[in-house]
2 protein chains.
Amino acid sequence: MTHFGAVVREERERLRRRDRRFSLRQVALRVGVEPAYLSKIERGRVPPPSEAVTRRLAQELGQNPDVLLALAGKVSGDLLAIIRARPRLFAELLRQLEEAPDHAVLRVVREVRDGEW
Amino acid sequence: MTHFGAVVREERERLRRRDRRFSLRQVALRVGVEPAYLSKIERGRVPPPSEAVTRRLAQELGQNPDVLLALAGKVSGDLLAIIRARPRLFAELLRQLEEAPDHAVLRVVREVRDGEW
DNA sequence: CCTGCTGTGTAGTATGTAGGACACATGACG
DNA sequence: CGTCATGTGTCCTACATACTACACAGCAGG
């Protein structure tokens, strides 16, 4: 299990090879945290940051926010709100889909998107 | 918006009319918290309790845990784990279903349950 | 009446969350 | 070769979370 910080570091250093502006300090500045803090995050010396910081980090590094949040052990706040609005419904749905293969879930997504209701 | 504590109190007092063992103190004892704490919870003087306590409360009061957790502003940990396992997939699904009517979602649940994959 | 249960007020605690401030050694490079 | 940017170590803080402990007034029944 490769952890949150490792992914951030890896991705940041990958970008840095192409662009000097992806030093730890400069990314930290743009993301709005102290360099020392980002350093600790990347080396896993502190738990992953808040959802807000994680989102800005994902944006900065061109990563999918939901994926990065998942690595941070979190779930996007807007998804939580969707579930809380109809807890029984979505609880059953998710538990039902837990072991379904990706393609089956994707088919459901497409069906719904194509307005079959 | 009727809050968490109000629902708990209402439900507990409803049960108590039939059964003396549903006094605040006795429920608190069975749930494993201090009576003073449950009292404050029911009157909304403190934020809703942890997921664990909420679950035991739901069990004790014959309520749906997911619903009570939603009232507590939380989402069941097992659902979070399901999402974190495949964040992109379930993020898209949930956002897609946000505005779908209940019956449409239920149809999806049934389809999957009946093993159409 | 007095024993015992009822709910509640006040105070305090432990742990987690989410970082900031500052100093420092190292290496790049102009 | 001196300056500047780089990453990192240490210390500290503010706030939220999730409760416990203890005391106390009210009333209910035997």
Side-chain angles (χ1 to χ4, degrees), chain A residues 3-58 60-61 65 68-77 80, chain B residues 3-58 60-61 65 68-69 71-77 80 84:
Chain A
H3 68 114
F4 180 84
V7 171
V8 170
R9 167 143 300 188
E10 202 168 325
E11 202 53 31
R12 185 180 59 75
E13 291 190 336
R14 206 179 57 76
L15 290 168
R16 198 196 173 192
R17 275 171 228 136
R18 296 263 161 205
D19 190 340
R20 279 271 173 56
R21 306 184 324 144
F22 285 91
S23 77
L24 185 148
R25 273 170 187 272
Q26 294 200 38
V27 169
L29 186 72
R30 289 197 297 277
V31 165
V33 297
E34 288 290 310
Y37 185 43
L38 181 54
S39 170
K40 280 176 283 192
I41 288 171
E42 289 192 351
R43 287 168 301 127
R45 309 271 309 232
V46 298
S50 67
E51 176 172 348
V53 169
T54 301
R55 282 187 178 288
R56 295 200 295 274
L57 218 36
E60 192 62 40
L61 302 179
L68 213 54
L69 282 169
L71 282 170
K74 311 191 181 195
V75 171
S76 179
L80 299 183
Chain B
H3 70 126
F4 180 85
V7 171
V8 170
R9 168 144 299 186
E10 202 169 326
E11 202 53 31
R12 186 180 58 75
E13 290 189 336
R14 206 178 58 76
L15 290 168
R16 197 196 175 192
R17 275 171 227 136
R18 296 265 159 204
D19 191 339
R20 279 270 173 58
R21 306 183 325 144
F22 285 91
S23 77
L24 186 149
R25 271 168 189 274
Q26 293 200 39
V27 169
L29 185 72
R30 290 198 294 277
V31 166
V33 297
E34 289 290 310
Y37 185 43
L38 181 53
S39 170
K40 280 175 285 192
I41 288 170
E42 289 192 352
R43 287 168 301 126
R45 309 272 307 232
V46 299
S50 67
E51 175 171 349
V53 169
T54 301
R55 282 188 179 287
R56 295 200 296 275
L57 217 37
E60 191 62 41
L61 302 178
L68 214 53
L69 282 169
L71 282 170
K74 312 191 180 195
V75 171
S76 179
L80 299 183
R84 283 199 310 265

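Proteins get letters first, then strands, A, B, ... in listed order; numbering begins at 1 in each.
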A/Arg20 has its side chain closest, among C/dC29, D/dC22, C/dA21, to C/dC29
B/Glu34 has its side chain closest, among D/dT20, C/dG20, D/dT8, to D/dT20
Applied to residues 35-51 of chain A, the salt bridge (charged side-chain N to carboxylate O under 4.0 Å, His left out) test, sequence neighbours excluded, yields A/Arg9-A/Glu42, A/Arg12-A/Glu42, A/Glu51-A/Arg55
Here the salt bridge (charged side-chain N to carboxylate O under 4.0 Å, His left out) pairs for residues 22-37 of chain A, sequence neighbours left out, are A/Arg30-A/Glu60
Sequence neighbours excluded, the answer for side-chain contact (heavy atoms from CB on, under 4.5 Å) partners of A/Arg56 is A/Val31, A/Ala52, A/Val53
message = Between A/Glu11 and A/Arg14 (salt bridge meaning N to carboxylate O under 4.0 Å), is one present in this structure?
response = yes
Note: A/Pro48 and A/Ala72 closest approach over all heavy atoms is CB-CB, 3.6 Å
**Request:** Find out whether B/Pro49 and B/Val33 are in side-chain contact, i.e. whether some heavy atom of one side chain is under 4.5 Å from a heavy atom of the other.
**Result:** no
For the [atom1] atom of [X] and the [atom2] atom of [Y], what is their distance to the nearest 0.5 Å?
X: A/Leu69; Y: B/Arg84; atom1: CG; atom2: CZ; result: 11.0 Å
X: A/Ser23; Y: A/Glu13; atom1: OG; atom2: CD; result: 11.0 Å
X: A/Glu10; Y: A/Leu61; atom1: CD; atom2: CG; result: 11.5 Å
X: A/Thr54; Y: A/Leu71; atom1: OG1; atom2: CG; result: 10.0 Å
X: B/Ile41; Y: B/Leu24; atom1: CD1; atom2: CG; result: 9.5 Å

Contact check, residues 7-14 of chain B vs DNA chain C, heavy-atom distance under 4.0 Å, returns B/Arg9, B/Arg12
Pairwise N/O distances under 3.5 Å, protein to nucleotides 14-18 of chain C:
{"from": "C/dA18", "atom 1": "OP2", "to": "A/Lys74", "atom 2": "NZ", "distance (Å)": "3.2"}

note: A/Leu38, atom CG; D/dG7, atom P; distance rounded to Å ~ 9 Å
From CZ of B/Arg45 across to C1' of C/dT10 the rounded distance in Å is 10 Å
Discussion item. If you compare every side-chain N and O of B/Arg43 against the phosphate oxygens of C/dT8 (OP1, OP2), does one of them come in below 4.0 Å?
Written reply: yes
Per the under-4.0 Å heavy-atom filter, residues of residues 21-33 of chain A near DNA chain D come out as A/Ser23, A/Leu24, A/Arg25, A/Gln26
